[in-house]
Amino acid sequence: MKVSLHQPAMVKEVLYYLAPQAGGLYVDCTIGSGGHSRAILEKTDGKAKILGIDRDEEALRIAEEQLREYEKQIILVKGNFKDLHEILKGEKIKKVNGILYDLGVSSMQLDSRQRGFSFRWNSPLDMRMDKQQELTASHLVNELSEKKLEEIFFKLGEERWARRVAKFIVKERKKRPLRTTEELVETIRKAIPAEVRRKRKIHFATKIFQALRIKVNEELENLKISLNSCFDLLQKGGRVCIISYHSLEDRIVKNEFRKRREKEIKILTKKVVRPSFEEIRSNPRVRSAKLRAAEKCK
Ligand SMILES: C[S@@+](CC[C@H](N)C(=O)[O-])C[C@H]1O[C@@H](n2cnc3c(N)ncnc32)[C@H](O)[C@@H]1O
């Protein structure tokens, strides 16, 4: 099956805030299918260099294919951006001119019929970005306590029915382990009252799936760790640009920026930047995107 590529979010805004220059070195921490990296290279007439990172081998394979014409300008590394420091050290890079994070999952991951990120298809309850990782969504759903599941659904999914969903999962898994997305969706359906399901603007399983995905991939922890070291890797005048898709991620970014404001960085986005109405209309997946950017000043 042919995969449709990820449409990069807020490209115009990323180029504006990252302000890439010919001769500069940029880190794309979440290269996906390479849309943002391509934009950076086009903007600099192919004269910038990019270190592209992704946890997902499939993404790297696609990025390599998509950016073949720029192969001399790009180094691709399979890794977790929480290890940014070590990854750069491994490439003998001390400082860079810009760092980009486009958080969350790609369309290729969401649209995959095998990887379990979506409730739209029946597939194993997996949700790992990095297939070498052991922990899957199935482990969480079948092994965590009811209390812990409730906490994950409530905190990471902001699901009001977290307690009932956790209770129903534990009841269901006593009969047999929940192994597929369909089995999980059915359990959520039973837990959330019909009236509530009907009134929701989003699919009733969305929040639970989101919570499990964030937990499986430790998305919030990785972001915190990475932001803690990324400013040390920037040249003076270098910029960091972060697109997040979830209020919990955005809060981490906002707090990290605030902590460093004045002492070390200048915040370039006084208010969070949102995608234009036209972009949301042509690519609804960006509707929750929030961009923040900062410049290293010391
Ligand atoms: C929204 S997509 C990025 C799309 C990309 N900007 C493009 O234009 O195609 C997010 C990507 O980040 C990767 N990712 C998420 N968390 C990561 C982490 N901690 N380390 C490395 N890659 C990560 C995912 O595997 C996914 O491919």
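One-based numbering, in listed order, for ligands and for the atoms of each. Please read these numbers as outputs of a predicted model, since none were measured by experiment.
- Classification of E195 and K199 as a salt-bridged pair holds, one side-chain N sitting under 4.0 Å from a carboxylate O.
- The shortest contact between atom 23 (C) of ligand 1 and any protein heavy atom is with R55 CG, 3.7 Å.
- For ligand 1, the atoms closer than 4.0 angstrom to any heavy atom of D56 are 25 (O).
- Looking at residues two or more places apart in sequence or on another chain, you find a ring pair (Phe, Tyr, Trp, His ring centres under 6.0 Å) between H203 and F119.
- Remark: minimum distance from atom 24 (C) of ligand 1 to any protein heavy atom is reached at D54 OD1, 3.4 Å.
- Proximity annotation for atom 14 (N) of ligand 1: of R285, M129, K78, R128, M129 comes nearest, heavy atoms only.
- Under the salt bridge (Lys or Arg N to Asp or Glu O under 4.0 Å) criterion, R61 pairs with E65, sequence neighbours left out.
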Next on the checklist: What verdict does the ring pair (Phe, Tyr, Trp, His ring centres under 6.0 Å) test give for Y101 and F81, after you've listed the backbone C-alpha separation in whole Å, the side-chain angles of each residue and the deciding distance to 0.1 Å?
Outcome noted: CA-CA 9 Å; Y101 297 82; F81 60 56; 5.2 Å; yes
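- No path of Ile, Leu, Val, Met, Phe, Trp and Tyr side chains, each step under 4.5 Å between heavy atoms, connects I31 with I87, placing them in separate hydrophobic clusters.
- Protein heavy atom in closest approach to atom 20 (N) of ligand 1: F81 N, 2.9 Å.
- Close contacts of ligand 1 with G34, meaning ligand atoms under 4.0 Å from a residue heavy atom, involve 7 (C), 9 (O).
- Within the structure, ligand 1 lacks S37 among the residues with a heavy atom less than 4.0 angstrom away.
- Within the 4.0 Å heavy-atom cutoff, H36 counts among the residues contacting ligand 1.
- Here atom 4 (C) of ligand 1 lies nearest to D102 when heavy atoms of L103, N222, L5, D102 are compared.
- Using a 4.0 Å cut-off between a side-chain N of Lys or Arg and a carboxylate O of Asp or Glu, E278 and R281 do not qualify as a salt bridge.
- Heavy-atom proximity to G79, at under 4.0 Å, picks out these atoms of ligand 1: 20 (N), 21 (C).
- Panel note: side chain K92, backbone L88; no donor-acceptor pair is recorded below 3.5 Å.
- Considering L223, L110, V105, D130 only, the shortest heavy-atom separation from atom 1 (C) of ligand 1 involves V105.
- Residues F153 and R163 are not in side-chain contact: their nearest non-hydrogen atoms beyond the backbone lie 4.5 Å or more apart.
- Ligand-side atoms of ligand 1 in range of S33: 7 (C), 9 (O), range being under 4.0 angstrom from any heavy atom.
- For ligand 1, the atoms sitting less than 4.0 Å from at least one non-hydrogen atom of C29 are 21 (C), 22 (N), numbered in the order shown with element in parentheses.
- In terms of modelled atom types and a separation under 3.5 Å, the side chain of N97 and the main chain of L25 share a donor-acceptor contact.
- Salt-bridge check for E218 with K215: failed, with every basic side-chain N at 4.0 Å or more from each acidic carboxylate O.
- The atoms of ligand 1 that sit less than 4.0 Å from any heavy atom of G35 are 7 (C), 8 (O), 9 (O).
- The protein heavy-atom contact nearest to atom 19 (N) of ligand 1 is N80 OD1, 2.9 Å.
- Looking at ligand 1, you'll find an N or O of Q109 within less than 3.5 Å of one of its N or O atoms.
- Taking every heavy atom of I31 and a limit of under 4.0 angstrom, the matching atoms of ligand 1 come to 5 (C), 7 (C), 9 (O).
- Side-chain atoms of V96 and L234, non-hydrogen and from C-beta on, do get closer than 4.5 Å to each other.
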